[in-house]
Amino acid sequence: MDNNMHNGNMPLSPYSKPGVELAEGYFPFQVMGKVFKPKEALCKGTLFPELYKPYKVGK
Amino acid sequence: MDKKQLKLLNELMEIGFSLVETNLYLDTHPTDERALRLHNTLSAQYQELEMMYTDLYGPLKATSMSQFPWRYIEEPWPWDIEYCGCNY
């Protein structure tokens, strides 16, 4: 039997252990505070400073 | 494309994008009065700019009005325009 079978349930992905939840999404409800000016918003790809999170190389 | 037209087009894109953002935020926050005021302010600005653009340079969109002859097919097309980069 494939050792990934978990007592008849959906087969576990190879990476999870029995009883461990895969993931649970969580995000706080956004409340609009400061906003970027339109020019800056278009450049940064968002109107909301709290959502501007560019990936920094080698951070 | 002359500088003034490019500047007006840029402003339309900036306010248009901000309107997408206020729209999406208001979809999940319909009672956020401040957000709605911002949306309506931007919307009024957008309409004014669009009218100005259309009077000066012809239809911005295929749904805009046009002087004679039909000006929507004039150059440059959006993908041919050298937009100024990001500096705010």
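In what follows, chains are A, B, ... by sequence order, proteins preceding strands, each numbered from 1. These numbers come from the heavy atoms of this one structure, side chains and all, not from hydrogens, waters or symmetry mates.
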Co-membership, hydrophobic cluster, residues [X] and [Y], 4.5 Å side-chain:
{"X": "B/Leu26", "Y": "B/Leu24", "answer": "no"}
{"X": "B/Leu60", "Y": "B/Leu56", "answer": "yes"}
{"X": "B/Tyr46", "Y": "B/Met52", "answer": "yes"}
{"X": "B/Leu49", "Y": "B/Ile81", "answer": "yes"}
{"X": "B/Tyr83", "Y": "B/Ile15", "answer": "yes"}

Residue B/Leu19 versus chain A: region with a heavy atom under 4.5 Å: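 Neither part; nothing is under 4.5 Å.
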B/Tyr25 and A/Phe48 aromatic ring geometry - parallel, tilted or perpendicular at 30°/60° bounds: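 The arrangement is tilted - the two ring planes meet at 30° to 60°.
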Neighbour count >12 (heavy atoms, 6.0 Å) for atom CD, A/Glu50: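 Yes - once you tally the heavy atoms of other residues, nucleotides and ligands closer than 6.0 Å, there are more than 12.
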B/Glu14 versus A/Leu42, closest heavy-atom pair with distance: CG-CD2, 3.8 Å
Shortest non-hydrogen contact from A/Pro38 toward B/Leu42: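 Closest heavy-atom pair between A/Pro38 and B/Leu42: CG-CD2, 4.1 Å.
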Student check: side-chain heavy atoms of B/Leu38 and A/Leu47 closer than 4.5 Å: yes
Student check: side-chain heavy atoms of B/Arg34 and A/Met32 closer than 4.5 Å: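 Yes. Closest side-chain heavy atoms under 4.5 Å.
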Backbone of A/Gln30 reached by a side-chain donor or acceptor of B/His29 within 3.5 Å: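 Checked: pair present.
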